[in-house]
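What follows is a set of notes on a single structure, which appears directly below.
Just so we're clear, the structure is a prediction, and the values are computed from it rather than from any experiment.
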Amino acid sequence: MVDKPVFDSEAGSLGASPDQVQFRFRDDDPVGHATVTVDAFLAQSNSAAVRIEPGDDTRELLDHLDRLALVEVNFPSFSDGRGYSAARILREAGYRGELRAVGDVLIDQLSHMRRCGFDAFSPDKPLDEEDAKRAFATWENVYQHAVDTRAGARSTIPELRHE
């Protein structure tokens with residue numbers, strides 16, 4: 001995982017990809033094929049990309065993490081926080097593929113989403129890149145451990161106080 005996102009203006013065609021990925025914290029190539037629903041994914045063996053909707057049980061995917069290259073988590077409304085739990089469940093279970101937040105993704109959510117394990121972002125409406133850079137850099141020091149891998153996130157404020 002990389003600690004710095006690739007922004008549209010730096011990536012050329014990345015932001016104009018069919019998946020409309022605006023920010024990405026990965027070095028590998030973006031997954032270019034379509035996602036399927038959780039139910040469709042579980043009913044077949046040839047899909048490597050799934051889209052989790054609110055209400056889907058993320059735990060149903062845990063036995064299949066090795067065949068997943070992309071998990072999109074849909075945020076139909078900024079006020080629906082179930083996607084944060086889905087991301088954390090997947091990362092804590094060992095999922096290492098691309099975890100993409102899609103939908104009603106807002107600037108003030110980016111840092112929190114990153115801490116839960118999202119490494120790609122595809123908002124419905126493009127976000128200002130300078131605002132996003134500031135949002136991703138928010139809270140250099142944190143109070144509790146999370147699944148993110150950004151620099152400094154491995155030590156919490158209490159741990160830093162007692163070094």
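- Between Phe75 and Phe118, a ring centre-to-centre spacing shorter than 6.0 Å is recorded.
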Quiz item: So Glu72 and Val50, side-chain contact (heavy atoms from CB on, under 4.5 Å) or not? Walk me through it.
Solution: CA-CA 6 Å; Glu72 286 186 348; Val50 67; over 6 Å; no
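- In this structure, Ser122 OG and Gln22 CD are separated by 8.5 Å, a value rounded to the nearest 0.5 Å.
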Practice problem: Evaluate the side-chain contact (heavy atoms from CB on, under 4.5 Å) criterion for residues Val71 and Val73: first the C-alpha distance (whole Å), next the side-chain angles of each, then the deciding distance (0.1 Å), finally the verdict. | Solution: CA-CA 6 Å; Val71 175; Val73 179; 4.2 Å; yes
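- Contacts of Ser79 classified as side chain to side chain donor-acceptor pair (under 3.5 Å), with partners at least two apart in sequence or in another chain: Ser77.
- A distance of 12.0 Å separates OH in Tyr95 from OG1 in Thr58, rounded to the nearest 0.5 Å.
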Quiz item: After noting the C-alpha distance and the side-chain angles of Leu61 and Ile89, does the key distance pass the side-chain contact (heavy atoms from CB on, under 4.5 Å) rule?
Solution: CA-CA 10 Å; Leu61 299 173; Ile89 287 168; over 6 Å; no
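- Nearest heavy atoms, Gln44 versus Arg67: O-NH2, 2.6 Å.
- Closest non-hydrogen pair, Phe23 versus Ala132, comes out as CZ-CB, 3.4 Å.
- The side chain to side chain contact (heavy atoms under 4.5 Å, CB included) search around Asn74 returns Arg51, Glu53, Pro76, Val102, not counting sequence neighbours.
- Qualifying salt bridge (charged side-chain N to carboxylate O under 4.0 Å, His left out) partners for Asp63, counting only residues two or more places apart in sequence or in other chains: none.
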Report all side-chain donor-acceptor pairs from residues 80-87 shorter than 3.5 Å, counting only partners two or more places apart or in another chain.
residue	atom	partner	partner atom	Å
Asp80	OD1	Arg82	N	3.2
Asp80	OD1	Arg82	NE	3.0
Asp80	OD2	Arg82	NE	3.4
Asp80	OD2	Arg82	NH2	2.7

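- Across every non-hydrogen atom of Leu42 and Glu60, the tightest pair is CD1-OE1, 3.3 Å.
- Neither Phe78 nor Leu127 shares a network with the other; the hydrophobic side chains, linked directly or stepwise wherever heavy atoms of I, L, V, M, F, W or Y lie under 4.5 Å apart, form separate groups for each.
- Note that CG of Leu65 and CZ of Arg91 are 10.0 Å apart. Values are rounded to the nearest 0.5 Å.
- Among pairs with a residue in residues 34-73, those fulfilling ring-ring contact (aromatic ring centres under 6.0 Å, His included) read Phe41-His64, at least two apart in sequence or across chains.
- For Arg88 (side chain) and Glu92 (main-chain N/O), no donor-acceptor pair under 3.5 Å exists by modelled atom type.
- The minimum heavy-atom distance between Asp119 and Gly97, with the atom names listed, is OD2-O, 3.7 Å.
- The shortest non-hydrogen separation linking Met113 to Val105 is SD-CG1, 3.8 Å.
- Remark: Asp57 pairs with Arg59 by the side chain to side chain donor-acceptor pair (under 3.5 Å) rule, at least two apart or across chains.
- Residues Val21 and Leu106 do not share a hydrophobic cluster, clusters being chains of Ile/Leu/Val/Met/Phe/Trp/Tyr side chains in contact below 4.5 Å.
- The side chain to side chain contact (heavy atoms under 4.5 Å, CB included) test applied to Asp28 returns Arg24, Arg26, not counting sequence neighbours.
- Applying the salt bridge (charged side-chain N to carboxylate O under 4.0 Å, His left out) rule to pairs touching residues 31-42 yields nothing, sequence neighbours excluded.
- Smallest separation of non-hydrogen atoms from Ile107 and Asp128: CD1-O, 4.0 Å.
- One distance of note links CG of Leu99 with CD1 of Ile52; it measures 7.5 Å at 0.5 Å rounding.
- Under the rule for a salt bridge (charged side-chain N to carboxylate O under 4.0 Å, His left out), the partners of Asp131 that lie at least two apart in sequence or sit in another chain are Arg134.
- Taking CG of Leu110 as the start and CZ of Phe136 as the end, the distance is 4.5 Å to the nearest 0.5 Å.
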